[in-house]
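Presented below is the structure to which this report refers.
Heavy-atom basis, side chains included; hydrogens, waters and symmetry copies ignored. Small disclaimer: the values here were computed from a predicted structure and weren't measured. Just so we're on the same page: letters track the sequence lines, and every chain starts at 1.
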Amino acid sequence: VIGHSASEELCPVCGDRVSGYHYGLLTCESCKGFFKRTVQDKKRYVCAETQTCWIDKAQRKRCPFCRFQKCLEVGMRLEAVRADRMRGGRNKFGPLYKLDRTMKQQRRAQAEAHVHTDSSDLVSSGAVNPPSFSMTSETKTYYTYGANIPHFTMVHGHPKNPRGPRKPNVPLFVLELLSSDPDETQVQNKIRQRLQQHKHQWKKHGQPGLFRLIFHLSEQMLLSFIEWARTSVFFKQLEVIDQMTLLHHCWSELLLLDHINRQVLQDNKGQLLLITGYEVSVVGCHAGHILSSVIQLGQDLIAKFQLLKVDREEFVCMKYLLIFNPDGKQLENRLFIESVQGQVRGALLDYALSSQYPSRFSQLLQCLSEIHFLSTLAEEYLWTKHENGEVPSNSLLTEMLYAKRRYFHL
DNA sequence: TTAGCCTTGAAC
DNA sequence: GTTCAAGGCTAA
């Protein structure tokens, strides 16, 4: 069933062999050249059939219209073709290519571990033919996209019924955000499965310490999160470069929010509930100065969330508020991001006002700023661990740490 | 027009 | 100094 290695990827346009990243994603040499010629020379093609021609290696020459259409559909980027025709150097997609490579490497490692254990459900775990980060089907937005303001519409008719009892006074906007929120049990199962694979490696190389375990789980959570974000409402409408900036800005805050969310339902003081369902004790473990602060502040924040009884509706809004943070310096479409943030704020305010506590909204915002502070501490801790060589190299988290320092000169 | 190979140059 | 994705060149 497996046979071929994941490194031998095929061109998403025609299936030919890829020669590297070109205009946003891995493609073959010929589609790279075709895309360049088309965009540089502003070529206009006409399809002789019904604009649905099949494109593969043998037929790609037959209909340039459909070939170019497919180039755009799989996510090739018009803006990566240089107007000034300058040669050499690097463009703004560099970080994207790097993240894509890191994620593919992660998945490859997982797939490999999987082959050694159980190869029966590779497809369901997403290890085979993983979608590229830059792949998007938002073709039509390439041309029309500018500083357009997002407008909320109920595209799905009725949002899926969220878990738990139906509540009154939940704004439609929030219901829609909830409906596309990933299912905790599914994420949990996926990560448990992957953890099981790693146990075989750990048998060989020794059990990981608590730090390594939490590091590993955080990395898995981040991977799941990025996978989810790529297709989630509003985020998918952004230019890749802005998606990257937002991710680099918010990844640690998101991990913390998600983590806190998990602790709220249980009330075991000093016990940490992991995504896998395991509980670990953080009380009395000998932590350094920074880590002690992280743990203490984290516990305080969890207590605050428990006291406030922050619910799923509020969590999902807080998540979007963390993601759509217009503070990044190099955001191309700040207006869009500000607008999404404004809408989420508005919806959360409406929802909070419907509760019996008038100050609830500002308390929730206060929680967010505490999460922000906690995240800077946590990153500082991770950075010292990294400097001491105690963090696995080539990891997604390290990559995010570096990227954030590059972007924000921290 | 296509597509394989070549040259270039900023980021690392 | 090395990388590697841009643009350029050219035979088929």
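- Looking at A:Val187, A:Ile323, A:Asp258 one by one, the single match for side chain to side chain contact (heavy atoms under 4.5 Å, CB included) with A:Phe225 turns out to be A:Ile323.
- Contact between the side-chain N/O atoms of A:Tyr97 and the OP1/OP2 oxygens of C:dA6 is found at a separation under 4.0 Å.
- The side-chain heavy atoms of A:Met318 and A:Phe305, taken from C-beta on, include a pair separated by under 4.5 Å.
- Distance A:Asp56 CG to B:dA3 P: 12 Å, rounded to the nearest Å.
- In this entry the distance linking NZ of A:Lys92 with C1' of B:dG9 reads 19 Å, nearest Å.
- Residue side chain A:Arg90 reaches the base of C:dC4 through a donor-acceptor N/O pair under 3.5 Å, judged by distance alone.
- Note on ring orientation: taking the six-membered ring where Trp is involved, the planes of A:Trp228 and A:Tyr320 are perpendicular (angle over 60°, cut-offs 30° and 60°).
- With no hydrogens or angles considered, no side-chain donor-acceptor pair links A:Glu379 and A:Trp383 at under 3.5 Å.
- A:Ser19 and A:Glu29 form a side-chain donor-acceptor contact under 3.5 Å, judged by distance and modelled atom types alone.
- Nearest nucleotide to the A:Arg85 side chain, out of B:dA10, C:dG8, B:dC5: C:dG8.
- Atom NZ of A:Lys57 and atom P of B:dA3 are 9 Å apart (whole Å).
- Taking atom CG on A:Asp84 and atom P on B:dA10, their separation rounds to 12 Å, with Å as the unit.
- OP1 or OP2 of C:dA5 lies within a sub-4.0 Å distance of a side-chain N or O belonging to A:Arg101.
- Closest to the side chain of A:Ala80, from the set B:dT1, C:dA6, B:dA3, is C:dA6.
- One side chain, A:Ser395 or A:Thr398, offers a donor N or O that lies under 3.5 Å from an acceptor on the other.
- What separates CZ of A:Arg62 from P of B:dA3 is a distance of 14 Å, to the nearest Å.
- For the pair A:Arg60 and B:dA3, the criterion of a side-chain N or O lying under 4.0 Å from OP1 or OP2 is met.
- The closest side-chain heavy-atom distance from A:Arg345 to A:Gln341 is below 4.5 Å.
- Partners of A:Arg60 under the salt bridge (Lys or Arg N to Asp or Glu O under 4.0 Å) rule, at least two apart in sequence or in another chain, are A:Asp16.
- Listed by residue number, A:Phe34, A:Arg37 are the residues of residues 34-42 of chain A with a heavy-atom contact under 4.0 Å to DNA chain B.
- A donor-acceptor contact under 3.5 angstrom links the side-chain atoms of A:Lys32 to the base of C:dG7.
- Per the geometry, CG belonging to A:Leu25 stands 12 Å off P belonging to C:dA5, to the nearest Å.
- The interatomic distance linking A:Arg82 (CZ) with C:dA5 (P) rounds to 12 Å, in whole Å.
- Atoms OH (A:Tyr21) and C1' (C:dA6) sit 16 Å apart, rounded to a whole Å.
- Within the nucleic acid shown, A:Arg17 has no heavy atom closer than 4.0 Å to any nucleic acid atom.
- Each of A:Met86 and A:Asp16 was assigned the nucleotide of DNA chain B with the nearest heavy atom; the assignment lying further toward the 5' end belongs to A:Asp16.
- For C:dA5, neither phosphate oxygen OP1 nor OP2 lies less than 4.0 angstrom from any side-chain nitrogen or oxygen of A:Asn91.
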